[in-house]
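Chain letters run A, B, ... following the sequence lines, proteins first, then strands; residues in each count from 1.
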Number of protein chains: 2
Amino acid sequence: MRHKEGNKREDIIKAAIKIFAENGYHHAKIAKVAEVANVATGSVYVYFENKEKVLLEIFDEIWKDMYNNLKELVDKKEVSPFEKFDALVDIIFDKFTESPEIALVMVNEQNHLLTHKKEKFTEYYEKFIELGVSLIQEGIDKGVFNSGIDLNIYKHYLLGAFRDLVNTWATDRETFSLNSIRQSIKYFSKYGLCKNCM
Amino acid sequence: MRHKEGNKREDIIKAAIKIFAENGYHHAKIAKVAEVANVATGSVYVYFENKEKVLLEIFDEIWKDMYNNLKELVDKKEVSPFEKFDALVDIIFDKFTESPEIALVMVNEQNHLLTHKKEKFTEYYEKFIELGVSLIQEGIDKGVFNSGIDLNIYKHYLLGAFRDLVNTWATDRETFSLNSIRQSIKYFSKYGLCKNCM
DNA sequence: TATTTTAATGATTTGTTATTCAAAATTAAA
DNA sequence: TTTAATTTTGAATAACAAATCATTAAAATA
């Protein structure tokens with residue numbers, strides 16, 4: 001019995017990330033993805049039901065990985081809420097340092113997919129958010145984070161801020177250093193605009 | 001010479017906002033836009049060169065209007081940086097209160113258009129951002145805003161946060177009250193997560 | 001009223017690209 | 001070496017939708 005050669009499925013995912021990032025999902029051609037992956041056009045449909053499923057698979061992998069990292073962090077008893085918050089920021093940035101292309105695909109396509117979903121979006125996304133929220137709640141409970149925060153709103157605030165900054169960096173890596181953005185997010189989020197306000 | 005009847009150009013813009021918001025730009029059909037606008041498909045091409053130009057025109061109108069409002073605000077001498085910041089938030093929210101559809105189109109399509117631009121994106125966008133930055137710089141200069149802020153990064157942070165929150169609200173107006181989001185943005189931005197930190 | 005000019009139309013054309021599928025190639029087992 | 005099972009292929013197809021343009025209709029002008 002014949003075995004599948006190499007790892008075509010993985011090659012296709014990698015190629016798709018590259019092509020989706022370059023042209024945006026809607027302008028990306030499956031034929032081009034196949035070409036970059038070094039497989040025939042038809043092979044893409046051996047491994048994936050359709051174009052959208054390729055995109056969903058990309059998101060599933062990203063969020064699954066980030067969720068697992070965050071889970072490990074949240075469970076640590078000895079780490080303070082402040083350190084955990086910084087580590088949360090790092091988890092996201094570390095993921096995108098691996099591949100700016102992933103960042104671009106995410107920023108550009110995730111929202112669309114979430115709001116116009118036909119297929120189910122990865123469960124790990126929701127799970128990641130919930131863990132992030134619990135991390136901040138822990139800080140509030142311990143009296144070190146501001147209790148006037150509506151977490152349900154804050155999570156969108158922070159996610160959105162992330163999205164734009166990550167996109168800014170991924171689009172123009174000459175101008176923006178990843179590290180300065182990382183530090184800035186940590187700073188803004190903790191201290192806000194106001195000087196000596198509280 | 002024949003006069004143009006009614007205001008077809010405006011009807012098309014309005015219909016396009018509705019249809020783009022419902023389906024997303026890429027899935028929206030010009031034929032459907034024309035139908036909603038009560039004109040023939042071909043008429044869209046009498047008023048606009050192509051589909052993308054319709055979208056660009058929508059953004060031009062939105063940002064032009066918001067820019068003018070912000071310009072008026074920034075010039076006021078007697079208003080404090082804090083009040084100005086709140087008013088800036090209100091300018092954006094007021095625009096979107098007018099039409100959640102506009103908010104959706106903006107959140108979903110602007111980024112794409114900015115990063116993959118063939119056509120020139122509206123100048124008013126950049127001008128709006130610059131005014132916003134100068135507003136915050138004024139607060140720093142007067143010693144009431146935190147001077148550790150990298151404005152070039154902060155502007156993306158805030159814009160991104162806005163985008164997500166506005167989208168959240170526009171998508172699910174049952175769960176999120178516009179006013180609570182408005183207040184939350186003002187709060188988070190000024191005070192941040194940290195309690196008694198500065 | 002006749003003529004000219006321009007607006008408006010929508011069926012048709014054109015171009016694009018996701019997806020299919022019959023055939024070819026490859027490998028494992030007999 | 002042959003056979004069978006499975007993978008891979010890529011040209012062909014089907015579906016879709018943007019954009020066109022020959023035609024019609026209405027207003028302005030003479």
Side-chain angles (χ1 to χ4, degrees), chain A residues 1-60 105 108-109 112-113 116-121, chain B residues 1-59 105 108-109 112-113 116-120:
Chain A
M1 190 175 62
R2 187 186 178 189
H3 278 302
K4 291 189 182 183
E5 305 158 10
N7 203 332
K8 292 206 168 34
R9 195 188 146 87
E10 207 170 279
D11 292 347
I12 291 165
I13 290 279
K14 274 187 189 150
I17 287 173
K18 186 171 170 357
I19 300 303
F20 290 173
E22 270 172 17
N23 311 106
Y25 172 76
H26 285 284
H27 291 116
K29 289 160 209 153
I30 287 290
K32 184 72 187 170
V33 170
E35 185 198 317
V36 171
N38 263 311
V39 300
T41 309
S43 297
V44 175
Y45 291 88
V46 172
Y47 294 91
F48 301 92
E49 202 179 314
N50 53 40
K51 188 181 174 185
E52 193 170 275
K53 283 276 170 66
V54 180
L55 185 56
L56 283 164
E57 178 64 26
I58 291 171
F59 282 117
D60 196 61
V105 173
N108 291 320
E109 315 305 342
H112 227 275
L113 219 52
H116 300 93
K117 58 187 157 198
K118 291 166 213 159
E119 309 286 342
K120 195 182 162 307
F121 194 74
Chain B
M1 189 176 66
R2 187 182 180 195
H3 275 301
K4 293 182 184 181
E5 300 159 11
N7 202 332
K8 292 205 168 37
R9 195 188 146 87
E10 209 169 278
D11 292 346
I12 292 166
I13 289 280
K14 275 185 187 149
I17 288 173
K18 184 169 169 0
I19 300 303
F20 290 173
E22 268 171 20
N23 311 106
Y25 172 76
H26 286 285
H27 292 117
K29 291 161 208 149
I30 285 292
K32 185 71 186 171
V33 170
E35 186 197 316
V36 171
N38 263 311
V39 300
T41 309
S43 298
V44 175
Y45 292 88
V46 171
Y47 292 92
F48 301 93
E49 203 178 315
N50 54 39
K51 189 181 174 185
E52 192 170 277
K53 282 276 170 68
V54 179
L55 184 59
L56 284 164
E57 178 64 27
I58 291 171
F59 282 118
V105 173
N108 291 320
E109 316 304 341
H112 229 275
L113 218 54
H116 300 93
K117 58 188 158 197
K118 290 167 214 158
E119 308 288 342
K120 196 183 160 307

Requested in this report: Would you check, one step at a time, whether the test side chain to side chain contact (heavy atoms under 4.5 Å, CB included) holds for A/Ile30 with A/Tyr45?
Outcome: CA-CA 10 Å; A/Ile30 287 290; A/Tyr45 291 88; 3.8 Å; yes
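- Atom NZ in A/Lys53 sits about 11 Å away from atom P in C/dT19, given to the nearest Å.
- Rounded to an integer number of Å, the gap from NZ of B/Lys32 to P of C/dG10 is 15 Å.
- For the pair B/Lys51 NZ and D/dT20 P, the interatomic distance rounds to 15 Å; values are reported in whole Å.
- When distances are taken from the side chain of A/Lys8 to each of D/dT8, D/dA18, C/dT9, the shortest belongs to D/dT8.
- Using a 4.0 Å heavy-atom criterion, one finds that A/Val44 contacts no nucleic acid atom at all.
- Listed pair A/Tyr47 / D/dT7 fails the phosphate criterion, with no side-chain N or O lying under 4.0 Å from OP1 or OP2.
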Query raised in the report: Taking it one step at a time, do B/Glu22 and B/His27 satisfy side chain to side chain contact (heavy atoms under 4.5 Å, CB included)?
Result: CA-CA 9 Å; B/Glu22 268 171 20; B/His27 292 117; over 6 Å; no
Requested in this report: Check the pair A/Glu109, A/Leu113 against side chain to side chain contact (heavy atoms under 4.5 Å, CB included), reporting the backbone distance first and the verdict last.
Outcome: CA-CA 6 Å; A/Glu109 315 305 342; A/Leu113 219 52; 5.8 Å; no
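- Rounded to whole Å, atom C1' of C/dG10 lies 14 Å from atom CD1 of B/Ile30.
- For A/Ala37, the side chain to side chain contact (heavy atoms under 4.5 Å, CB included) criterion is met by A/Asp11, A/Ile12, A/Ala15, A/Val39, not counting sequence neighbours.
- Taking atom CD on A/Glu35 and atom P on C/dT17, their separation rounds to 14 Å, with Å as the unit.
- With sequence neighbours excluded, the residues forming a side chain to side chain contact (heavy atoms under 4.5 Å, CB included) with B/Glu10 are B/Asn7, B/Lys14, listed by chain and number.
- Straight-line distance from the CD1 atom of A/Ile12 to the C1' atom of D/dT7: 12 Å, rounded to whole Å.
- Rounded to whole Å, atom P of D/dT23 lies 22 Å from atom OH of B/Tyr45.
- Considering only side-chain atoms of A/Ser43, the nucleotide from C/dA8, D/dA19, D/dT9 that sits closest is D/dT9.
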Query raised in the report: Does the side chain to side chain contact (heavy atoms under 4.5 Å, CB included) test come out yes or no for A/Val54 and A/Val33, once each step is laid out?
Result: CA-CA 10 Å; A/Val54 180; A/Val33 170; 5.8 Å; no
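- When all heavy atoms of A/Tyr25 and A/Lys51 are compared, the closest pair comes out as O-NZ, 2.9 Å.
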Query raised in the report: Which letter, B, S or -, goes with each nucleotide of nucleotides 11-16 of chain D from 5' to 3', with contact meaning a protein heavy atom under 4.0 Å?
Result: ------
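- Atoms CG (B/Asp11) and C1' (C/dA8) sit 14 Å apart, rounded to a whole Å.
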